[in-house]
Amino acid sequence: MKENVQQILAHFHIKQFQHDLIHWFQTEQRDLPWRKDKDPYKIWVSEVMLQQTRVDTVIPYFYHFIEKFPTLDSLAEAEEEEVLKAWEGLGYYSRIRHLHEAVKEVKEKYGGCVPASKEQFSSLKGVGPYTTGAVLSIAYGIPEPAVDGNVMRVLSRIFYITDDIAKGSTRKKFENIVSKIISHDNPSDFNQALMELGALVCTPKNPSCFLCPVQRHCRAFAEGVETELPVKTKGKAPKRISFRAIVLMNKKGNILIQKRPPRGLLANLWQFPNDEHAPTRNDEAFVKEISERYHVVIRSMERIGSFEHVFSHVVWHIEAYKGNALELQMGDETNKWVTIDELKQYAFPVIYQKIWQAYE
DNA sequence: TAAGCGTGGGC
DNA sequence: TGCCCAAGCTT
């Protein structure tokens, strides 16, 4: 039997909760680079970077990205290749492709000013319900819910909610609750405080309830069940895929690289020749496959290592080689022979960076 | 609705 | 070590 929102909020001291939470945030919040001003563009960039990504990982990327693209217009005018390079290593690369497309639209349609309209902003590429609420509340002070994993964890404990947070439909229930309890005087600090509390105090494991500013409002703490919340079902085990890759050098000392397709895993990033699409069973078949697909003659080949890389939904096992080759065709848009120096301009996924390190 | 989509850190 | 995770969105 699930309670409705009205029942959940019965006897809940909203004003007191808002004050306890916001006061704590204003005292204890971390000094983070995207909190230095309320520039909607910078807030937006930070929110996209922070999707499924830790604060400590994001900080150096944020500094570098904002230095390189200090304004929305500068990002809108940048080349895709350069933008992707600034995202190299952050993961979930569709985020930056969508952000790039979105800022171009903002430049064209809204003169480079991030729209404060929920309808307009949320229609942009890569902007979902969370990002909409986060940017509108933090940058513009608009009282919209910004429900992420932190908020669902915190509120599942505060209100003893046992819905499975792995289900998409559960987020709406929390948005409904937040829209009832959000501070209209300070929606920015309220939303950020819920997330900050989840990151610093109301953590997934071993929550620090003894120093929680809203302990007196928490049903889970009162019942002693905080470590059993939130309820979250597990995903299925990732598939394993094995294939080979090879770093090829021609007589001029150039390296062959290939741009990945514009959709799917690691879209638009660069890689070394491989047989991912049709894994071969032995060296002979591998040489034949690479020769035909990449229009090269492989003159020598040597194994340089074995690599495993775990993605969210798949595990790659790569046998890596290096070799010398003759090129039979000039390069094109997706297959290029580049100098070792030029390699640095192209964005590679981490697994191929590791293979390059083994080659060097 | 659920799968696809990265990476690095913590325990 | 092998899991779980971290400020989600798209299809």
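Given the structure is predicted, the values throughout are model-derived calculations rather than measurements. Per chain, numbering begins at 1; letters A, B, ... match sequence-line order.
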Short side-chain donor-acceptor distance under 3.5 Å, A/Q258 and A/Y294 = yes
Those residues that, when tested against A/F121, pass ring-ring contact (aromatic ring centres under 6.0 Å, His included) (two or more places apart) = A/W44
Distance, rounded to the nearest Å, where A/I165 contributes CD1 and C/dC4 contributes P | 13 Å
Who are the side chain to side chain contact (heavy atoms under 4.5 Å, CB included) partners of A/E28, not counting sequence neighbours?
-> A/W24
The side chain to side chain contact (heavy atoms under 4.5 Å, CB included) partners of A/R219 (sequence neighbours excluded) come to A/E3, A/Y160
Can you give one letter per nucleotide of nucleotides 5-11 of chain B, going 5' to 3': B for a protein heavy atom under 4.0 Å from the base, S for sugar-phosphate only, - for none?
-> BBBB---
When we call it a touch if two heavy atoms are under 4.0 Å apart, what does A/G149 touch: a base, just sugar-phosphate, or nothing?
-> sugar-phosphate
Which residues pass the ring-ring contact (aromatic ring centres under 6.0 Å, His included) test with A/F174, sequence neighbours left out?
-> none
Mind checking what makes side chain to side chain contact (heavy atoms under 4.5 Å, CB included) contact with A/T233, not counting sequence neighbours?
-> A/D164, A/A166
Passing candidate, side chain to side chain contact (heavy atoms under 4.5 Å, CB included) with A/P40, options A/L72, A/V45, A/V114, A/L136 = A/V114
Mind calculating the distance between CG (A/L50) and C1' (C/dG8) to the nearest angstrom?
-> 11 Å
Within residues 127-146 of chain A, residues whose heavy atoms come under 4.0 Å of DNA chain C = A/V127, A/G128, A/P129, A/Y130, A/T131
Please state the P separation for the pair C/dC4 and B/dA3 - nearest whole angstrom.
-> 16 Å
Hits for ring-ring contact (aromatic ring centres under 6.0 Å, His included) against A/Y321, two or more places apart or cross-chain, chain-then-number order -> A/F286
Between C/dA6 and C/dT10 - P atom distance, rounded Å = 23 Å
Using the P atom on both, measure B/dG8 against C/dC9 and round to a whole Å.
-> 23 Å
A/L229 has an atom CG; how far is it from atom P of C/dC5, in whole Å?
-> 13 Å
How would you list, by chain and number, every residue that makes a ring-ring contact (aromatic ring centres under 6.0 Å, His included) with A/H23, sequence neighbours excluded?
-> A/H19
Hydrophobic clusters join Ile, Leu, Val, Met, Phe, Trp and Tyr when side-chain heavy atoms are under 4.5 Å apart, directly or via other members; which others share one with A/V310?
-> A/V315
Mind calculating the distance between NZ (A/K172) and C1' (C/dC9) to the nearest angstrom?
-> 14 Å
Near DNA chain B, under 4.0 Å by heavy atom, which residues of residues 19-47 of chain A?
-> none
When the distance from CG of A/D164 to C1' of B/dT1 is rounded to whole Å, what number comes out?
-> 12 Å
Can you sort out the partners of A/D332 under side chain to side chain donor-acceptor pair (under 3.5 Å), two or more places apart, ordered by chain and number?
-> A/T334
